[in-house]
Amino acid sequence: MLDIKRLREESDSLRGIIEARGGQLDGVLDADQKRRQLLSEVEALKGERNAVSKEIGKLKKAGEDTEAQQAEMRALGQKISGLDDDVRAAEADFNDRILRIPNIPHSSVPLGADEAANEVVRVHGEARAFDFKPETHIEIGERLGLFDLARATRMTGAGFPLFIGSGARLERGLINFMLDLHVKEHGYTEMSPPFVVNSDSMTGTGQLPKMAEDMYRTTGDDLWLIPTAEVPVTNYYREEVIEADLPIYLTAYTPCFRREAGAAGRDTRGLLRVHQFDKVEMVKFVEPETSYDELESLLLNAEDVLQRLGLHYRVLNLCSGDISFAAAKCYDIEVWAPGQDAWLEVSSCSNFEDFQARRAKIRYRNRDGKTRFVHTLNGSGVALPRLVVALLETYQRADGSIEIPEAIVPYMDGVTVLSPAGE
RNA sequence: GGAGAGGUGGCUGAGCGGUUUAAAGCGGUGGAUUGCUAAUCCAUUGUACUCCGAUUAGGGGUACCGCGGGUUCAAAUCCCGCCCUCUCCGCCA
């Protein structure tokens with residue numbers, strides 16, 4: 001959520017970018033105008049009622065008749081009650097509108113309508129050269145018995161992966177490797193949060209109201225399955241003035257649940273786009289002055305995962321048309337998958353500035369003792385299924401086995417090669 | 001899931017329709033006093049929205065006693081619903 005005062009004062013300069021990102025600025029400004037006018041009106045009447053009621057109290061104490069004043073206030077009360085309904089409606093309308101206004105991109109974000117305008121910041125490593133035709137992760141996984149998508153479809157539905165044997169251990173090993181890296185070397189505190197949250201939390205980080213169709217919702221309790229650990233971890237401090245020193249770095253492994261309602265038919269083969277996936281997430285709460293430096297170091301923390309795994313990847317600075325609703329700036333990290341012959345997005349590292357903090361009411365006390373909104377950031381460090389795709393496809397060998405990168409051998413009980421069963 | 005108790009400012013804790021503008025204490029801040037520390041004394045004390053003022057200083061108003069409704073001229077106080085905490089019982093990995 002943006003500051004309504006800023007929207008009022010800078011409406012002319014902000015209108016273009018907000019509308020380009022699908023927001024309706026004038027609707028918000030009108031609703032704000034209406035809301036404030038009603039508020040002024042009803043507050044003046046309430047002031048009058050408070051004063052007269054007080055007077056009635058005194059007169060009664062003195063034994064005087066107050067029926068005339070009471071009748072007058074009864075009538076005023078009717079009017080107030082009607083106006084209160086109007087105020088409530090106006091505020092609901094205003095809230096609904098301002099919650100749908102996207103964040104304003106930072107000045108370093110390239111302008112553009114879609115992913116074609118994204119800027120490649122850097123490329124790490126080189127694509128591995130093969131002297132045989134590389135298999136896709138689906139072929140590899142089936143042959144080595146690492147996952148079983150057919151049976152998972154029968155038990156749940158398409159897009160819910162099931163890992164088994166070495167595949168399951170690889171999944172678990174990668175999660176532990178990444179958590180250890182962020183905790184022991186990057187200074188994050190590990191958190192193991194609920195995987196299901198309430199609507200206030202979803203609104204706090206910006207999933208609601210816009211993304212309701214993309215999430216799984218429970219019946220009976222009005223709870224939601226988290227689409228990312230960002231939601232529970234960022235909401236850790238919702239409606240608080242943080243007393244601990246900033247910056248605060250948190251990391252968490254969680255499964256992530258996404259309906260992918262608008263993506264039917266795209267990338268549906270194998271592990272490329274699934275409804276449930278594992279991810280290690282990093283979240284930062286920082287002082288506003290430092291948030292862009294913190295974004296750079298967050299990005300490096302995510303890149304470190306891929307570097308240690310020896311993967312070829314590139315970093316994109318997403319353009320104004322491609323960054324998510326709540327982000328002011330976002331880097332994507334894409335890893336190279338030789339079997340797909342494609343770049344796969346495995347991480348998004350975003351600075352939300354105070355956009356989430358405003359919604360979730362997360363503040364801190366600055367040096368003057370004043371409460372201010374923190375800046376929040378988060379980044380995947382990193383998402384699992386596509387990482388597994390890249391690993392399997394990158395480290396496959398001519399004999400059909402998979403070499404395990406050195407960094408995760410300790411997390412695989414010393415196993416250095418995944419071979420077909422029975423060999 | 002059932003029964004009971006309870007949720008008041010940064011904290012402790014009173015108030016249970018109008019002398020409360022939420023008492024009192026603790027804590028915090030500023031000041032006075034004092035070889036230092038401690039003690040004592042004086043003053044001050046939250047959040048959000050909104051209006052006036054010049055986007056200053058400052059001033060006015062509204063709301064906030066777990067949350068949301070309701071009754072009343074007037075609600076921390078009465079009524080209804082919900083949430084949370086504690087104790088006990090039940091169930092349970």
Side-chain angles (χ1 to χ4, degrees), chain A residues 1-14 28-99 192-204 208 218-224 232 235-245 255 354 356-374:
Chain A
M1 185 166 74
L2 294 166
D3 185 0
I4 182 59
K5 287 179 192 135
R6 181 177 173 204
L7 291 180
R8 273 180 220 146
E9 285 159 16
E10 302 172 32
S11 59
D12 289 336
S13 58
L14 296 178
V28 172
L29 294 176
D30 291 347
D32 174 52
Q33 182 75 30
K34 191 174 171 199
R35 162 190 151 260
R36 284 193 294 157
Q37 198 216 313
L38 285 167
L39 213 50
S40 279
E41 216 173 305
V42 75
E43 284 182 357
L45 297 183
K46 282 181 179 174
E48 189 187 340
R49 181 174 67 181
N50 286 347
V52 174
S53 290
K54 210 166 174 180
E55 197 57 34
I56 290 173
K58 280 185 193 159
L59 291 172
K60 283 204 160 187
K61 199 123 268 182
E64 298 192 30
D65 175 50
T66 57
E67 191 40 53
Q69 287 95 326
Q70 281 180 229
E72 203 180 314
M73 287 307 101
R74 210 170 297 142
L76 187 61
Q78 298 277 316
K79 202 169 168 189
I80 288 172
S81 152
L83 277 171
D84 267 341
D85 289 343
D86 295 346
V87 168
R88 215 167 302 167
E91 294 203 316
D93 180 49
F94 167 72
N95 268 324
D96 188 60
R97 287 173 187 276
I98 197 167
L99 287 175
S192 178
F195 302 157
V196 177
V197 299
N198 59 31
S199 294
D200 286 344
S201 292
M202 283 296 188
T203 305
L208 288 179
T218 66
T219 56
D221 298 295
D222 199 26
L223 297 173
W224 307 77
N235 276 281
Y236 182 58
Y237 287 112
R238 176 155 55 84
E239 287 159 48
E240 281 192 41
V241 177
I242 299 175
E243 297 298 341
D245 289 338
D354 65 7
Q356 291 181 327
R358 236 170 237 292
R359 291 175 160 245
K361 300 187 180 68
I362 304 169
R363 294 176 295 172
Y364 76 106
R365 227 173 277 284
N366 71 4
R367 282 175 201 80
D368 305 329
K370 289 210 161 193
T371 55
R372 295 175 66 195
F373 290 112
V374 300

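Chain letters run A, B, ... following the sequence lines, proteins first, then strands; residues in each count from 1. What's counted below: heavy atoms across the whole structure, side chains too, no hydrogens, waters or symmetry copies.
Contact check, A/N198 against B/rC83: no side-chain N or O comes under 4.0 Å of OP1 or OP2. Between A/R363 and B/rA48, a side-chain N or O to OP1/OP2 separation shorter than 4.0 Å is present. Proximity of A/R36 to the phosphate of B/rC51: a side-chain N or O atom is located under 4.0 Å from OP1 or OP2. Here A/R74 reaches the OP1 or OP2 of B/rC73: one of its side-chain N or O atoms lies under 4.0 Å away. The side chain of A/N50 places an N or O atom within less than 4.0 Å of a non-bridging phosphate oxygen (OP1 or OP2) of B/rU62.
Both distances falling under 3.5 Å, in either a Watson-Crick or a G-U wobble arrangement, occur for no nucleotide opposite B/rA38. Pair assignment for B/rA74: none, as no Watson-Crick or G-U wobble contacts are both less than 3.5 Å. Across all strands shown, B/rC49 forms a Watson-Crick or G-U wobble pair, both distances under 3.5 Å, with B/rG61. Taking a pair to require two hydrogen-bonding distances under 3.5 Å in either a Watson-Crick or a G-U wobble arrangement, B/rU85 pairs with B/rA5.
Residue contacts for A/R35: at a heavy-atom cut-off of 4.0 Å it reaches the sugar-phosphate backbone alone, with no base atom in range. In this structure, A/L39 reaches the sugar-phosphate backbone alone: every heavy-atom distance under 4.0 Å involves primed, P, OP1 or OP2 atoms, never a base. Using a 4.0 Å heavy-atom cutoff across all strands shown, A/K54 reaches no nucleic acid atom at all.
Few gaps surround CD on A/E67; more than 12 heavy atoms of other groups in view lie less than 6.0 Å from it.
The side chain of A/I56 sits closest to B/rG18 out of B/rA74, B/rU50, B/rG18. The nucleotide whose nearest atom lies closest to any side-chain atom of A/Q70 is, among B/rA63, B/rC51, B/rC73, B/rC73. Here B/rC51 is the nucleotide among B/rG61, B/rC73, B/rC51 with the atom lying nearest to any side-chain atom of A/S40.
Annotation: B/rU77 and B/rA22 have their C1' atoms spaced 12 Å apart (nearest Å). A distance of about 15 Å separates the P atoms of B/rA76 and B/rG70, rounded to the whole Å. Remark: the separation of the P atoms in B/rG35 and B/rG30 is 22 Å, to the nearest Å. B/rG61 and B/rG2 have their P atoms separated by 47 Å, with the value rounded to a whole Å.
Between A/E91 and A/L38 the shortest side-chain heavy-atom distance does not fall below 4.5 Å. In this structure, A/E243 and A/R365 have side chains that are in contact, with non-hydrogen atoms separated by less than 4.5 Å.
As a whole-Å value, the separation of A/E48 CD from B/rG60 P is 19 Å.
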